Amino acid sequence: SAPVVEARAEAMAEPEVRPPVSRQAPAIAPEPAPAARPAPAMTLRPMTPVDNLNWPELAKQVAECRACPLCEERKQAVLGVGDLDPDWLFIGEGPGAEEDVKGEPFVGQAGKLLDAMLASLDIARGNRVYIANAVKCRPPGNRTPESAEMASCRPYLERQIALLKPKVIVLLGKAAVHALLHDDKSLASLRGKRFEFAGIPVVVTYHPAYLLRNLPDKAKAWEDLLFARRTLREQMTPELPF
Ligand code: URA
């Protein structure tokens, strides 16, 4: 529809504003390097062993996880995919049949739409983006993961967030909102608002599988992505004190 086309055109016309921040360490450190210490805990809760895992340890633990019944029927656990130093973190619900086989999130039909959504933002899987799920094992029959299953998997999601330190988190659908923010309100009421998790801005949009069944809502998802991009840009260019 016209507003979508206009919005897209406007988005395409906007030049990419990225401050000249190098991801490499400066040649001369201005101060002595601080001693290595674990990333801060995500929430006010007791630390768990997962909070100290590095990527290979986390991947191994998730692959071998037996913390909830979803492990019984999975072919493999699906940790996530993408840039390990991302601006964006997209969080879906859980692996479906194809993801369970391939070991990568969002590789089926919903994944194709997610890739198109990323392309509309001029980003791509693996480049400035990491994609994860609220649960790492496929719920049988692709049902929505239960609260207890999402709670079992949450330490892994929190550890991913701590290691990735994304600048914005986009929650795809109700289950992801429930898993991260513990909010059960309707998605429609949560869109367009900025939430926070561990100091990172969080925005909410429809799950791509929902959008495949409700094509007119794609325009709303596009609005949400533009909102997420504005949020990201605010993070990257903080207001100057004058
Ligand atoms: N749906 C999800 O939420 N995640 C996937 O990885 C695939 C489909």
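Side chains included, hydrogens not; waters and symmetry mates left out as well; all remaining heavy atoms used. Atoms within a ligand are numbered from 1 in the order they appear, just like the ligands themselves. Predicted model only: the values in this text are computed from it and were never measured.
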Would you check if R74 and K136 make a side-chain contact, meaning some heavy-atom pair closer than 4.5 Å?
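In short, these two side chains do not touch, never coming nearer than 4.5 Å.
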Do R45 and R154 have side chains that approach each other closer than 4.5 Å (heavy atoms only, starting at C-beta)?
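Heavy-atom side-chain distance check fails, nothing below 4.5 Å.
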H182 vs H178 aromatic rings, parallel, tilted or perpendicular, using cut-offs 30° and 60°?
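Ring orientation, 0 to 90° scale: perpendicular.
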If you look at each N/O of ligand 1, which protein N/O atoms lie under 3.5 Å away, and at what distance?
{"unit_1": "ligand 1", "atom_1": "1 (N)", "unit_2": "H207", "atom_2": "NE2", "d": "3.3"}
{"unit_1": "ligand 1", "atom_1": "3 (O)", "unit_2": "E93", "atom_2": "N", "d": "2.7"}
{"unit_1": "ligand 1", "atom_1": "3 (O)", "unit_2": "G94", "atom_2": "N", "d": "3.4"}
{"unit_1": "ligand 1", "atom_1": "3 (O)", "unit_2": "N133", "atom_2": "OD1", "d": "3.4"}
{"unit_1": "ligand 1", "atom_1": "3 (O)", "unit_2": "H207", "atom_2": "NE2", "d": "2.7"}
{"unit_1": "ligand 1", "atom_1": "4 (N)", "unit_2": "G94", "atom_2": "O", "d": "3.0"}
{"unit_1": "ligand 1", "atom_1": "4 (N)", "unit_2": "N133", "atom_2": "OD1", "d": "2.8"}
{"unit_1": "ligand 1", "atom_1": "4 (N)", "unit_2": "N133", "atom_2": "ND2", "d": "3.4"}
{"unit_1": "ligand 1", "atom_1": "6 (O)", "unit_2": "F106", "atom_2": "N", "d": "2.9"}
{"unit_1": "ligand 1", "atom_1": "6 (O)", "unit_2": "N133", "atom_2": "ND2", "d": "2.9"}

Of all heavy-atom pairs between G92 and A176, which one has the smallest distance, and what is that distance?
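Heavy-atom minimum between the residues: O-CB, 3.7 Å.
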Determine whether L171 and L190 satisfy the following criterion, side-chain contact (heavy atoms from CB on, under 4.5 Å), listing intermediate values before the conclusion.
CA-CA 11 Å; L171 299 178; L190 300 170; over 6 Å; no
Please step through side-chain contact (heavy atoms from CB on, under 4.5 Å) for the pair W88 and L121, ending with a clear verdict.
CA-CA 11 Å; W88 301 80; L121 293 165; 3.9 Å; yes
